[in-house]
Amino acid sequence: MKNLRKNEENLRYAVIAFVLISIVLGSVACESSAPASGPAIDKGDPKRAAEKIAEAEPLYEGREDLTKARVAVAALRQARTADYGNYEAAWKLARAAFYVGDRTDNNAE
């Protein structure tokens, strides 16, 4: 009987220790390491993206030549990389990539 109570007491202490350690580790993990001024936001390069989109437009218009469509995809990927949040670059890239993928004989493409 005495061993049973001792085991229950040890278990209770172990649970309390586990809860306390969890609280401490949780508070350390949730501590913000960002500077007080707030995180820096990458604004991208909208000018470069616009240039690449403008470069891709005539290429996509001549998309009957699949090589031009492929070059348009490459230019639009560069625009998307330059300014990842640019909606115009995103939808035009999707459109051009779909066109190339739909008409190519290359399964890897």
Side-chain angles (χ1 to χ4, degrees):
M1 185 77 157
K2 195 172 188 179
N3 276 343
L4 184 59
R5 285 186 188 224
K6 186 70 171 170
N7 287 342
E8 286 177 356
E9 188 177 325
N10 286 340
L11 181 62
R12 204 172 294 130
Y13 287 135
V15 169
I16 291 171
F18 177 76
V19 169
L20 290 174
I21 289 171
S22 297
I23 291 171
V24 169
L25 291 177
S27 67
V28 169
C30 291
E31 190 173 300
S32 176
S33 61
S37 64
I41 297 174
D42 182 13
K43 301 288 184 184
D45 188 356
K47 182 180 177 188
R48 174 128 170 92
E51 290 170 358
K52 287 297 179 180
I53 291 169
E55 178 184 323
E57 279 300 309
L59 293 167
Y60 185 74
E61 288 173 9
R63 64 187 172 272
E64 292 80 23
D65 178 4
L66 207 51
T67 303
K68 288 183 180 181
R70 287 182 178 116
V71 175
V73 168
L76 290 166
R77 282 184 180 150
Q78 291 172 355
R80 184 89 166 122
T81 301
D83 186 8
Y84 191 76
N86 188 312
Y87 177 77
E88 184 180 9
W91 79 262
K92 287 184 177 185
L93 172 58
R95 176 185 66 176
F98 178 81
Y99 182 87
V100 171
D102 193 42
R103 287 164 177 77
T104 187
D105 295 343
N106 183 353
N107 287 337
E109 193 170 31

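Predicted model only: the values in this text are computed from it and were never measured.
Listed by chain and number, the hydrophobic cluster partners of Tyr87 are Trp91, where partners are ILVMFWY side chains within reach of under 4.5 Å, directly or through others.
The side-chain tip of Arg63 points at the ring of Tyr60 from less than 6.0 angstrom away and within 45° of straight on.
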Could you list the donor-acceptor pairs under 3.5 angstrom formed by side chains in residues 74-82, with sequence neighbours left out?
| residue | atom | partner | partner atom | Å |
| --- | --- | --- | --- | --- |
| Gln78 | OE1 | Lys52 | NZ | 2.8 |
| Arg80 | NH1 | Tyr84 | O | 2.3 |
| Thr81 | OG1 | Arg77 | O | 2.9 |

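In this structure, CD in Glu88 is found 4.0 Å from CD1 in Ile53, a value given to the nearest 0.5 Å. Rounded to the nearest 0.5 Å, atoms CD (Glu61) and CD (Glu57) are 6.0 Å apart.
The two residues Leu59 and Val71 come nearest to each other via the heavy atoms CD1-CG1, 3.5 Å. In plain terms, the two heavy atoms of Asn86 and Ala49 that are nearest each other are ND2-CB, 3.9 Å.
The hydrophobic cluster containing Val100 also contains Leu93, counting ILVMFWY residues as joined when their side-chain heavy atoms lie under 4.5 angstrom apart, directly or transitively.
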